[in-house]
Amino acid sequence: MIRELRWLLGDGRRLNLMIGLSVVTSVLQGATFVLLVPLLRAAVLGEVAAAWRWAGVLCLAALGFGAALWASSIVGQRLAIDLGTSLYGRLGDKIARLPLGAVDLELTGRLARLTSKGVMQVSTVPAHLIRPIVTSVGTPATVVIGMALIDWRIGLTALVCLPVLALTYGLTGRIVSRRDRAWAGATAEAAGRIVEFAQVQPALRAFQGSRATNQELERALGAQHRTYRSLLLGGALGMSFFTLSVQAVVTLLVVVGTWLALAGSLDVPPLVALLVLSLRFAEPLVQVADLGSSLRVSANSLAEMRAVLDAAELPEPDDPDAAPWPVDAEICLQGVGFGYVPGTPVLSEVSFTVAPGTTTALVGPSGSGKSTLTKLIARFHDVDAGRVLIGGVDVRELGTAHTMAVVSPVFQDVYLFSGTLLENIRMGRPDAGDDEVFAAARAAEVDEIAARLGKGWNSEVGEGGSLLSGGERQRVSIARAILKDAPILLLDEATSALDPVNEQAISRALHHLEGRTRLVIAHRLDTVVHADQIVVLTADGRIAEIGDHAGLLAADGPYAAFWRARTEAAGWVLSGTE
């Protein structure tokens, strides 16, 4: 764990200093205890001058111990602050660099736990765990050396017992570590399920609650409860066993010392002092059991953080600014293959081109990979095979930041941040002036929403945009795209599920994005008809046919079947009953 902490801090010198000061503290504390032996001996034998000398030496050792303890505490507290800051910064930077497609529900639950409880556990390790553990181990070791100097038989007895205590401590630690890992995994899943449960409340309430969803949440919470109870029981049993072992060693030292005194080979004053030392030998070791369990729990949190920090990132060009810039807004896919799970392709051998300033509609059954294609173009993921080019440049050479600079995705699931309407629109281009922001908002007809809300443009939208309807959130999303003014628009058309007012408002807003290269996941017939090009995907993620509306109808292939089905469905009406 020390190596991991040095890696997080970037500079291990202060950590080494704290450990060194802790060692000095433990040695001076142990020496203070050992010095009680000659002091008591001189006092019992009436050697006043010698007693004062030993008392002076003991006071100096105690003063040195206090100074070293103060210095190690200060260094440890500063390390805790720096470590916490470093962890939050590293985790935040890592999240910003992770592929957008990798940020799923499981990772969200894990990050929620790590950024709250996990960071606190790890940041307190230097001051509240490593430093006391070093002291709790170093002090008994010093006492054992002192015992050996006073009476080698007592010292040898204590020394022989140390491996037994170490074995017991290691066994306890393994039990706690294994159970803590199980609890951490269960906690991450439970956190993710709670987030999921909160997000799908509208659907759950509409259908009087989904029993399957409730069962998954109950199962996750039950697993978290069971693993936490197992952790507590394992820790308590392990600590009790270790404490019993320590007390057994103390008893053995008392028995050996008493036997030596009765045999006449050990005087009573040193026996009394050695018995006092045996108690001081035991007390820090009992603390080690409790501290060691906490250390292993923190080590598991640190291992989880390291797993997140070491997670694979999308490769980026060494010098993004030196990468070639797209010559135009053309999108070209060449033999693209991709799968979320190795060996299970979602897309295979997909090749087509979207000419600059034209509209291409993606058509296909659910699960055919339409949304995946748009995410590959926006570089949420990298392709497994083939290439995705924008303006003749591979998005992997262009880099994620430059790719997102030329692309505006407008997806069905619109997320708004807790804040005002105006703040959420400005996210499309944070450096935009107020006039530009208001112009984009009016173009997307968000001004009508602001007029209805109590505080106008300063009205809060709620976490995730919960205070707005789905159509209103879409309008804000399109206002962002208008403000961003990127040459490529990726649109997962969502107007088919909206009320007529929002549908018309969004349709009018989209006219402000004409002239851009548009790739649209088409749900509405009029979008398909007016597209310059239609790409039809099969259920297994391959291209069935490409062409315009008239040509594909004449070919009487999959698109013609799709068109007939949609046309017939559009004419359905609900019949009344007498």
Identify the two heavy atoms, one from [X] and one from [Y], that lie closest to each other, and give their separation to 0.1 Å.
X: Glu545; Y: Gly557; answer: OE2-C, 3.6 Å
X: Ala481; Y: Val410; answer: CB-CG2, 3.9 Å
X: Ile543; Y: Ser351; answer: CD1-O, 3.2 Å
X: Pro326; Y: Leu398; answer: CD-CD1, 3.7 Å
X: Leu552; Y: Gly547; answer: CD1-O, 3.7 Å
X: Ala531; Y: Ala361; answer: CB-CB, 3.8 Å

Measure the shortest side-chain to side-chain distance between [X] and [Y] over non-hydrogen atoms and say whether it is less than 4.5 angstrom.
X: Leu453; Y: Leu468; result: yes
X: Ser371; Y: Ile521; result: yes
X: Arg429; Y: Glu436; result: yes
X: Ile449; Y: Arg475; result: yes
X: Leu373; Y: Val350; result: yes
X: Thr372; Y: Phe338; result: yes
X: Thr360; Y: Asp532; result: no
X: Val336; Y: Val388; result: yes

Quiz item: Would you say Arg13 has more than 12 foreign heavy atoms packed within less than 6.0 Å of its CZ?
Solution: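 For Arg13, atom CZ is not crowded (no more than 12 foreign heavy atoms under 6.0 Å).
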Quiz item: Take atom CG in Asp435; do more than 12 heavy atoms of anything else shown fall under 6.0 Å from it?
Solution: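 No, not enclosed.
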Quiz item: Salt bridge or not for Arg452 and Glu472, using N-O below 4.0 Å?
Solution: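 Salt bridge between Arg452 and Glu472, a charged N being under 4.0 Å from a carboxylate O: yes.
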Quiz item: Are any of the side-chain nitrogens in Asp556 or Arg564 under 4.0 Å away from the carboxylate oxygens of its partner?
Solution: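 Between Arg564 and Asp556 there is a salt bridge, with a charged N closer than 4.0 Å to a carboxylate O.
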Between [atom1] on residue [X] and [atom2] on residue [Y], distance to nearest 0.5 Å:
X: Asp382; Y: Leu314; atom1: CG; atom2: CG; result: 4.5 Å
X: Ile331; Y: Ile377; atom1: CD1; atom2: CD1; result: 4.5 Å
X: Trp457; Y: Leu421; atom1: CH2; atom2: CG; result: 6.5 Å
X: Leu416; Y: Arg480; atom1: CG; atom2: CZ; result: 5.0 Å
X: Leu333; Y: Glu349; atom1: CG; atom2: CD; result: 12.0 Å
X: Arg379; Y: Asp394; atom1: CZ; atom2: CG; result: 8.0 Å

Under 3.5 Å, side chain of [X] to main-chain N/O of [Y], donor-acceptor pair present?
X: Ser459; Y: Lys455; result: yes
X: Lys484; Y: Met427; result: no
X: Asn424; Y: Phe417; result: yes
X: Thr358; Y: Val354; result: no
X: Thr517; Y: Gly357; result: yes
X: Lys370; Y: Val363; result: no
X: Ser86; Y: Asp82; result: no
X: Gln533; Y: Thr353; result: yes
X: Asn458; Y: Thr420; result: no

Practice problem: Please lay out, stage by stage, how Ile488 and Arg516 fare under the test side chain to side chain contact (heavy atoms under 4.5 Å, CB included). | Solution: CA-CA 6 Å; Ile488 295 175; Arg516 292 162 176 79; over 6 Å; no
Exercise. Verify whether one side chain among Glu316 and Thr400 offers a donor that lies under 3.5 Å from an acceptor in the other.
Key: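 Yes, side-chain donor-acceptor contact under 3.5 Å.
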Practice problem: Would you please classify the geometry between the His549 ring and the Tyr559 ring as parallel, tilted or perpendicular, with 30° and 60° separating the classes? | Solution: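 Geometry flag for His549 against Tyr559: perpendicular rings.
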